Amino acid sequence: MADELQQWFRDRVGADFGIELTDGQLDQYEAYYRLLVEWNEKMNLTGITERGAVYEKHFYDSLTLALIPEALQAASLADIGAGAGFPSIPFKIAMPAIEVTIVDSLAKRIRFLQTVVDELDLQHVRLVHGRAEDIGRLSDHRDRYDLVTARAVARLAGLSELCLPFVKRGGCFVSMKGSDNADEIQESGKAIRLLRSELKYTRELSLPLENSARQLIVIDKLAATPKEYPRKAGIPLKQPLI
Ligand code: SAM
């Protein structure tokens, strides 16, 4: 039976995102929470371990993606630099039909995620170990995804070069940030243009208990990625296209 925190989470997700979570989905979030805390003792996955904080700052925060209509319509999602699985694993639990690909350059985080996928019995989740600059050049992944996400990975100009090559024409990239990204958005105009994309809109919100501000930045992909991008691994973040 759902305890008080799980009931709170179910109510908020229903009211704020219009998603009705089943008992089975609540069990999956709880199993994910337990694995996160257990593995965090052996490796650095997250600084947030208090149960209520994980539900709000990782699970609820990841689900804010559902405020973006394009995300709800997507059949495929690539999450770049997902770390311990955010935002894609909480989103996948809530939206089981979506196909998820996770790319992360740290092998041990991919090992953790493989355990999460196995224990939660998540279907159609592909885990790719590598740098986004290299993986985004492979035909399996380039210009392929309806939706690409990144939370807390890098500043938007460099991040755009890591993420936009994965987005198919007509799809979008949602960058999940804290508040006040006006400078970053301004600075990223050139990179977004060179990657044949355009800023569509931003969505502001705040977390329900902690009240800290968040911004979702939605960027549309207009055409296929030019062959010179992404540049060699390391270059996009060191020398962003600004
Ligand atoms: N998105 C997660 C979150 O919100 O909790 C993790 C954020 S963590 C600060 C950044 C992650 O990006 C790390 O797991 C790191 O290994 C990964 N990363 C950094 N640069 C990368 C690159 N070039 N390609 C793939 N993954 C990368």
Side-chain angles (χ1 to χ4, degrees), residues 29 32-33 35-37 39-40 42-50 53-66 71 77-93 100-117 125-138 140-142 145 147-167 173-179 181 184 191 195 205 207 210 212-217 225 229-241:
Y29 285 108
Y32 186 20
Y33 164 68
L35 285 170
L36 185 67
V37 171
W39 281 63
N40 204 45
K42 302 178 273 187
M43 65 174 68
N44 178 23
L45 289 171
T46 176
I48 298 169
T49 53
E50 193 272 317
V54 169
Y55 271 76
E56 182 184 21
K57 295 185 194 172
H58 284 323
F59 298 168
Y60 181 97
D61 189 41
S62 295
L63 290 181
T64 61
L65 201 50
L77 157 66
D79 189 9
I80 309 305
F86 307 117
S88 51
I89 297 289
F91 193 69
K92 170 73 182 173
I93 294 172
V100 172
T101 296
I102 284 178
V103 178
D104 202 285
S105 52
L106 219 56
K108 58 187 184 177
R109 298 209 168 118
I110 295 289
R111 277 203 302 282
F112 165 70
L113 290 171
Q114 187 62 60
T115 304
V116 170
V117 166
V125 178
R126 190 152 54 147
L127 303 172
V128 182
H129 171 227
R131 298 183 75 153
E133 299 93 316
D134 300 322
I135 307 301
R137 287 211 158 268
L138 306 176
D140 244 19
H141 300 283
R142 190 176 177 85
Y145 296 91
L147 171 67
V148 174
T149 56
R151 188 187 81 156
V153 177
R155 281 181 76 82
L156 189 59
L159 186 62
S160 292
E161 192 173 345
L162 299 190
C163 294
L164 284 168
F166 289 84
V167 186
F173 166 42
V174 180
S175 171
M176 306 180 77
K177 297 268 185 189
S179 62
N181 304 292
E184 268 190 56
L195 288 149
L205 63 124
L207 294 184
E210 206 229 9
S212 57
R214 295 285 187 272
Q215 187 176 43
L216 307 176
I217 304 167
T225 311
Y229 304 117
R231 292 168 294 166
K232 264 181 63 178
I235 306 285
L237 298 190
K238 256 188 251 144
Q239 294 165 31
L241 299 163

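Heavy atoms only: backbone and side chains are in, while hydrogens, waters and symmetry mates are out. Because the structure is predicted, anything quoted here is derived from the model rather than measured. Indexing begins at 1, ligand by ligand and atom by atom, following the structure's order. Position 1 is the first residue of the sequence; numbering continues from there.
The shortest N/O to N/O separation between Ile80 and ligand 1 does not fall below 3.5 Å. At under 3.5 Å, a nitrogen or oxygen of Ala132, whether backbone or side chain, sits near a nitrogen or oxygen of ligand 1. Checking only distances, Gly81 does come within under 3.5 Å of ligand 1, N or O to N or O.
Counting non-hydrogen atoms of neighbouring residues, nucleotides and ligands closer than 6.0 angstrom, the NZ atom of Lys42 exceeds 12 such neighbours.
Close contacts between ligand 1 and Gly83 involve ligand atoms 6 (C), 14 (O) [criterion: under 4.0 Å to a heavy atom].
In summary, the side chains of His141 and Thr101 do not present any donor paired with an acceptor at a separation below 3.5 Å, with no hydrogens or angles considered.
Protein heavy atom at the shortest distance from atom 16 (O) of ligand 1 is Asp104 OD1, 2.6 Å. Scanning the protein for heavy atoms near atom 27 (C) of ligand 1, the closest one is Ser105 OG, 3.2 Å. At the top of the distance list for atom 2 (C) of ligand 1, counting protein heavy atoms only, stands Ala82 O, 3.2 Å. The single protein non-hydrogen atom nearest to atom 23 (N) of ligand 1 is Glu133 OE1, 3.0 Å, given as residue, atom name and distance.
Side chains of Arg142 and Thr225 form a contact here, defined as non-hydrogen atoms less than 4.5 Å apart. Contact check for Phe112 versus Gln114: no side-chain heavy atoms found under the 4.5 Å cut-off.
Checking each of Thr64, Leu205, Asn181 against Gln215 for a side chain to side chain contact (heavy atoms under 4.5 Å, CB included) leaves exactly one that passes, namely Asn181.
Closest heavy-atom approach to atom 4 (O) of ligand 1 within the set Lys57, Arg109, His58, Arg151: this belongs to Arg151. Closest heavy-atom approach to atom 9 (C) of ligand 1 among the candidates Gly130, Ala152, Ala84: Ala152.
Ion pairing between a basic and an acidic side chain is recognised when a charged N comes within 4.0 Å of a carboxylate O; Asp79 and Lys92 show no such pairing.
Aromatic ring orientation, Tyr29 versus Tyr55: tilted (interplanar angle from 30° to 60°).
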